[in-house]
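We count ligands from 1, going down the list as the structure has it; atoms in each ligand are counted the same way.
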Amino acid sequence: MIYDDDNIFAKILREEIPCKKVYENEYVLAFHDVNPQSKIHILVIPKGKYISFADFSENALPEEINGFMKAVGKIAKNQNLVESGYRILANHGQNAGQEVAHFHIHIFGGEPLGPMISKT
Ligand code: AMP
């Protein structure tokens, strides 16, 4: 699979379409999900061109992985989610229902989140 430069998160990174930015550094951009599934629902994306978690974990440089994971923790902390709790999630591929082919982690929080996986 080849990275598609026209995916929606690539367009957000190029500022061709807007986002509600939460945090940015040299490695990541984080913004509110347009269709939130919980009170707080933030997406964290790497600035590098990685299709999915499989691609990122295999091909990203150690400093990109470190910068990304540090940023996820920092964003959750900045959102005051550490004490109340939060969930992080990455969908990879078809069975997980990945919609956007640019690796991203969801941060959910701000309320009780229910079971880890829906039984319906
Ligand atoms: P996934 O199913 O893990 O690929 O998640 C993709 C997420 O991107 C969904 O939760 C969408 O609501 C979200 N999304 C799609 N387009 C946008 C956008 N333009 N701005 C913010 N979030 C978006």
Side-chain angles (χ1 to χ4, degrees):
M1 202 172 160
I2 293 167
Y3 182 85
D4 174 12
D5 274 308
D6 282 334
N7 79 73
I8 198 135
F9 294 170
K11 290 180 180 175
I12 287 175
L13 280 170
R14 293 195 299 267
E15 299 184 347
E16 291 169 8
I17 62 169
C19 71
K20 286 165 96 179
K21 193 197 292 186
V22 170
Y23 179 82
E24 184 171 16
N25 69 15
E26 65 180 298
Y27 299 110
V28 309
L29 176 67
F31 49 89
H32 290 285
D33 196 291
V34 77
N35 182 23
Q37 303 297 307
S38 57
K39 207 163 169 190
I40 295 172
H41 183 176
I42 291 166
L43 299 172
V44 189
I45 69 174
K47 290 196 168 171
K49 297 179 179 184
Y50 300 104
I51 296 169
S52 67
F53 181 74
D55 186 16
F56 185 72
S57 59
E58 192 172 342
N59 298 314
L61 298 171
E63 57 264 37
E64 291 179 295
I65 294 172
N66 185 57
F68 186 86
M69 295 308 288
K70 286 278 192 190
V72 171
K74 189 170 187 171
I75 292 159
K77 191 174 176 187
N78 290 349
Q79 296 286 320
N80 292 317
L81 295 176
V82 174
E83 205 171 310
S84 56
Y86 62 96
R87 181 173 293 158
I88 59 174
L89 179 147
N91 289 315
H92 166 81
Q94 199 176 354
N95 274 359
Q98 182 178 359
E99 290 170 14
V100 180
H102 180 113
F103 170 53
H104 50 282
I105 274 187
H106 300 254
I107 302 176
F108 302 102
E111 61 184 333
L113 295 167
M116 191 159 56
I117 292 180
S118 167
K119 300 292 179 202
T120 58

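Between Phe108 and His41, the ring planes lie tilted relative to each other; the angle falls in the 30° to 60° range.
Looking from atom 4 (O) of ligand 1 to the surrounding protein, the closest heavy atom is Glu99 N, 2.7 Å.
Near Gly97, meaning under 4.0 Å from one of its heavy atoms, ligand 1 places the atoms 2 (O). Atom numbering of ligand 1 starts at 1 in the shown order; those under 4.0 Å from a heavy atom of Phe31 are 21 (C). The distance from ligand 1 to the heavy atoms of His104 drops below 4.0 Å at these ligand atoms: 1 (P), 3 (O), 4 (O), 5 (O), 6 (C). Ligand 1 places these atoms under 4.0 Å from at least one heavy atom of Leu43: 8 (O), 13 (C), 22 (N). Taking every non-hydrogen atom of His106 and a distance limit under 4.0 Å, the qualifying atoms of ligand 1 come out as 1 (P), 3 (O), 5 (O), 7 (C), 10 (O). Every atom of ligand 1 is numbered from 1 in the order shown, and the set under 4.0 Å from a heavy atom of Asn91 is 1 (P), 2 (O), 3 (O). Close approach of ligand 1 to Val100 is summarised as follows: ligand atoms under 4.0 Å from at least one heavy atom of the residue are 4 (O), 6 (C).
When all heavy atoms of Asp6 and Lys11 are compared, the closest pair comes out as O-CE, 3.4 Å. Shortest non-hydrogen contact noted between Gly67 and Val28 is O-CG1, 4.3 Å. Among all heavy-atom pairs drawn from Asp55 and Ile51, the shortest one is OD2-N, 2.8 Å. Nearest heavy-atom pair across His102 and Pro46 is NE2-O, 2.8 Å.
Residue His32 places no N or O, backbone or side chain, under 3.5 Å from any N or O of ligand 1. At under 3.5 Å, a nitrogen or oxygen of Val34, whether backbone or side chain, sits near a nitrogen or oxygen of ligand 1.
One option in Asp33, Ile42, Asn35, Leu89 has a heavy atom closer to atom 11 (C) of ligand 1 than any other, and that option is Asp33.
A ring-centre distance under 6.0 Å is found for His104 and His106. The aromatic ring centroids of Tyr50 and Phe103 lie 6.0 Å or more from each other.
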Q: Any chance you could lay out the side chain to side chain contact (heavy atoms under 4.5 Å, CB included) test for Ile105 and Phe53, step after step, and finish with the verdict?
A: CA-CA 9 Å; Ile105 274 187; Phe53 181 74; 5.9 Å; no
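Contacts between Phe9 and ligand 1, counted as non-hydrogen atom pairs separated by less than 4.0 Å, involve the side chain only.
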